[in-house]
Number of protein chains: 2
Amino acid sequence: MTPTNARYAPEKHAKPKADGRLARGEATREKVLDAAERLFAEHGFEGVSIRDIAREAVVSLSVVGFHGGSKDDLFLTIFQRRAETLNRARSEALAELRARKGAALTRRDILEAYVLPYSRMAWSGDRQWAAYAKLIARIATDERWYPRVREFFDPIAQDFLAAMIAVDPDAPRDRLAMAFVVSVTAMLSVVSSNMRIATLSRALGAEAPTDPAWYNAVLIGFCEGGFENALRVSDGT
Amino acid sequence: MTPTNARYAPEKHAKPKADGRLARGEATREKVLDAAERLFAEHGFEGVSIRDIAREAVVSLSVVGFHGGSKDDLFLTIFQRRAETLNRARSEALAELRARKGAALTRRDILEAYVLPYSRMAWSGDRQWAAYAKLIARIATDERWYPRVREFFDPIAQDFLAAMIAVDPDAPRDRLAMAFVVSVTAMLSVVSSNMRIATLSRALGAEAPTDPAWYNAVLIGFCEGGFENALRVSDGT
DNA sequence: GTCTATATGTAGATAGAC
DNA sequence: GTCTATCTACATATAGAC
């Protein structure tokens, strides 16, 4: 697991000064945000105190407040910081596919363009991007936080849904919406529960899969088959 | 949404006294556990204080400690309290199908036997069972809590996986494990995010689905198609 | 920009009266 | 069994020195 992926590894968000180094305050700010990102990803918002963050970042307590503002602000800032990079990766993946395949675009292609940027991020080998991926998985089903961060994710989701509709204009919209939400949750769950998948595999006598490409392939296969079957009009039970 | 389902509505876990009424202490205990269940489901473990629970249950602070023990104990007790009922419903559903269909059992049947008892519970119209369903969805992907409650869920999951293997003995075990975990997450996500599905449906110009049977049908359809596609050996990307 | 010090509130837990 | 009262620890936030 966790092969390095150059795409995400070098990503840093502080602006370098003219001389190429970060301003001192800027570097501290990054340290604080990075520490908060890791801890929030691991323990959730309420499970982390500002003192924990200060300790993890190796700064004093009030430095966290200075750079991060209130605890709520700090949490939102962490989302904001990387959202654009992820969104851009997804948009570019979709645009590239559209350019290359045109009308031959399939649902599988669209799913890949949505899933793979996130997957690469989660398994990039960069612990901050991995933490961010976990954090997204954590808040996506959280009714308290999702409304406050949806602005970062919903627009791109709309684009992908539009692409799905273009592939099959007759698909019932409600089923499409549900298949999409379920697919997104499935994607997030693979990152947050690959430990469970590994455990369960071993319990069944198989080796625990370790290759991200394997997880991607099975996940995308699952969602592709799921979409197809869910969109077929039929009412059971 | 939320039609009453008699199966779960009358469920109460305190033992009645010989005269048919609950002992006073027992009734208080139930009040405390019910309040904790609702609040933990809504706000998570760290998001709820013992004082919150006391207020919700309309008892004094120390009564919560008296009946619930430590906060950790209280949380685990809530899980324990209803786990057996849910497990029994699932086992019975599977046994009934096996008796009725024998070797003609399908993956779809097995999925239904796993999903429907949970779905009925979540939408039973009883707010405590609904809260319990939300609580399960909340901790299922929580690395801190899942190890402490898996004993309540893993045995039954093993039974269902065994049934899946019986249907298709050649299915690769690792893919089976992953398809199962993803299906379970999908099931849980429908309960915790049906608001998002509804919102997204409206955004696409459809009405927001309100019928639990519709959610069940689309979900099971999705998982069925997902399983089938995920188990096929093929490696993309 | 970063520190120490502290104001102010709330957390979990329990002792002891009734 | 249930209450009031309180212990001790830790929370967020910020004022003010350097």
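A note on names: the letters A, B, ... follow the listed sequences, proteins ahead of strands, and every chain is numbered from 1. In this text, all values refer to a predicted model and were calculated from it rather than measured experimentally.
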Can you say whether a donor on the side chain of B:Ser62 sits under 3.5 Å from an acceptor on the base of D:dT4, or the other way round?
yes
Rounding to an integer number of Å, can you tell me how far B:Ile50 CD1 sits from D:dA9 P?
17 Å
Rounded interatomic separation in angstrom, taking CZ from A:Phe66 and C1' from D:dA15
14 Å
Just wondering, more than 12 heavy atoms not from A:Arg90 lying within 6.0 Å of its CZ?
yes
Report the nucleotide, chosen from D:dC3, D:dT2, C:dC3, that has the shortest atom-to-atom distance to any side-chain atom of A:Val59.
C:dC3
Parallel, tilted or perpendicular for A:Phe45 and A:Phe75, by the 30°/60° rule?
perpendicular
C:dT4 P sits how many Å from A:Leu61 CG, rounded?
10 Å
Rounded to whole angstroms, how far apart are NE2 on A:His67 and P on C:dG1?
7 Å
Atom CZ of B:Phe75 to atom C1' of C:dA13: distance rounded to whole Å?
19 Å
Which part of the nucleic acid, if any, lies within reach of B:Val48 when heavy atoms closer than 4.0 Å are counted: base, sugar-phosphate only, or nothing?
sugar-phosphate
Round to a whole Å and report the spacing from CD of A:Glu30 to P of C:dT2.
13 Å
Looking only at heavy atoms, which two atoms of A:Met164 and A:Leu111 are closest? And how far apart?
CE-CG, 3.9 Å
If you compare every side-chain N and O of A:Thr28 against the phosphate oxygens of C:dT2 (OP1, OP2), does one of them come in below 4.0 Å?
yes
Selected nucleotide, minimal atom distance to A:Ser70 side chain, candidates D:dT6, C:dT2, D:dA13:
D:dA13
Only one of A:Trp129, A:Tyr118, A:Trp214, A:Tyr215 clears ring-ring contact (aromatic ring centres under 6.0 Å, His included) with A:Trp123; which?
A:Tyr215
Please state how far atom CD1 in B:Ile53 lies from atom P in C:dA13, giving the value in whole angstrom units.
11 Å
Under 4.0 Å between a side-chain nitrogen and a carboxylate oxygen: does that hold for B:Lys31 and B:Asp34?
no
Just how far, in rounded Å, is P of D:dA5 from CZ of B:Arg51?
14 Å
Report yes if a side-chain nitrogen or oxygen of A:Ser49 is closer than 4.0 Å to either non-bridging phosphate oxygen (OP1 or OP2) of D:dA11; otherwise report no.
yes
